Amino acid sequence: MSQKAFASSADLGEKEQTLEVLADGVYALTAEGDPNVGAIEGEDFLVCFEAMATPVAAGEWLAKLREHTDKPVRYLVLSHYHAVRVLGASAFDAEVIVAHENTRALVAERGKEDWESEFGRMPRLAKQADSVPGLTWPTLTFSDRLTIELGGDRGDLVLQYCGRGHTEGDIVGWLPKHRILFAGDLVEAQAALYTGDAFHRDWVGGTLDRVKEFGAEALIGGRGAVSRGREAVDEAIEQTRHFLRVMIDEVGAVHARGGTLKEAFENAHAALHERYGRWPIFEHCLPFDVSRLWDELSGVERPVIWTAERDREVWDQLQG
Ligand SMILES: [Zn+2]
């Protein structure tokens, strides 16, 4: 294998952003595999879902949203703690920043390291990185479920924890009235999975089962296009599950026979490449994914904190 540029450090081309109105007052911005964001109108306020990587990037999203509504942002919902999802928060002037209680703990434990790691891996997303004022701290947390009444005849937004998955603290946003689900990074549609902070065995089973149980008619995953219709929604969920299943089988087999991490990486790469190799961030994610899964299979309960230095070591070991 020839030397590959680190993570997405050489991937600097702008992605095209598409703002879609999924229902009255329900918006999704997708970006060809870059992180998706969304917004939901209440009667006299807005709920924004995800914050992008920097205030400058978030400001560009808000400018697009402001062509549709000028309501103030009352709630900013963060699906999980990853830097490219949360560090743009200050641009929203939100009254309340909502996240799972584990997400708040993860920001405290590893937010700084994750910031450095992620901005090094994906410099394109770190638009004017110096505009980030500091870590983003959720001001309202919950453990299982939180319901936001949208007012008028707009129904509710239900924020739900479905179990450990992409991280220890992922939540989804469910609009029962429209049967629309904002799934965060628990589901990707035609984009590779990042599992470097994941709990693969929980995610592949019970957590994805609970996501599927909503029976959504439209799903906005963490990356990739909006899935429209039950069939497409289930396809996105099952694609996510398949990616995880193949990784667990391949890495698990090498681990069980006492092989090496490098062998596990090569086998997982070979098994996934044909179906997923051309999808966004496949080569970027896989070394970190396999490294975490290897730890998980070795009995390391919680993901080891990624730092800029550890990123390079794992990259050089597996993609070098
Ligand atoms: Zn993430």
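Just so you know, ligand 1 is whichever comes first in the structure, and atom 1 is the first atom listed for that ligand. Bear in mind that the values here come from a model prediction, so they are computed numbers and not experimental data.
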Checklist entry - Would Asp249 and Arg245 count as a salt bridge (charged side-chain N to carboxylate O under 4.0 Å, His left out) if you check the C-alpha gap in whole Å, the side-chain angles of each, and the deciding distance to 0.1 Å? => result CA-CA 6 Å; Asp249 289 349; Arg245 174 54 58 203; 3.7 Å; yes

Quick one: side chains of residues 37-52, donor-acceptor pairs under 3.5 Å with protein atoms, not counting sequence neighbours, listed by atom name and distance.
| residue | atom | partner | partner atom | Å |
| --- | --- | --- | --- | --- |
| Glu41 | OE1 | Lys71 | NZ | 2.7 |
| Glu41 | OE2 | Tyr27 | OH | 2.5 |
| Glu43 | OE1 | Arg154 | NE | 2.9 |
| Glu50 | OE1 | Ser79 | N | 3.0 |
| Glu50 | OE1 | Ser79 | OG | 3.3 |
| Glu50 | OE2 | Ser79 | OG | 2.6 |

Checklist entry - Among side-chain atoms of His82 and Thr167, is any donor-acceptor pair under 3.5 angstrom? => result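 Note: His82 and Thr167 side chains miss the donor-acceptor criterion.
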
Next on the checklist: Any donor-acceptor pair under 3.5 Å linking the side-chain atoms of Gln317 with those of Lys262?
Outcome noted: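 No, because no side-chain N or O of Lys262 sits under 3.5 Å from a partner of the opposite role on Gln317.
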
Next on the checklist: Check this for me, if you would: do Glu109 and Arg302 make a salt bridge, where the nitrogen-to-carboxylate-oxygen distance has to be below 4.0 angstrom?
Outcome noted: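 Yes, charged N to carboxylate O under 4.0 Å.
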
Next on the checklist: Strictly below 4.0 Å, N to O, side chains only: are Arg241 and Glu238 in salt-bridge contact?
Outcome noted: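 Counted as a salt bridge, because a side-chain N and a carboxylate O are separated by less than 4.0 Å.
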
Item to check | Within-2.8 Å protein N/O/S contacts of the Zn ion (ligand 1) | outcome: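 Short answer, with waters excluded from the count: His80 NE2, His82 ND1, His166 NE2, Asp185 OD2.
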
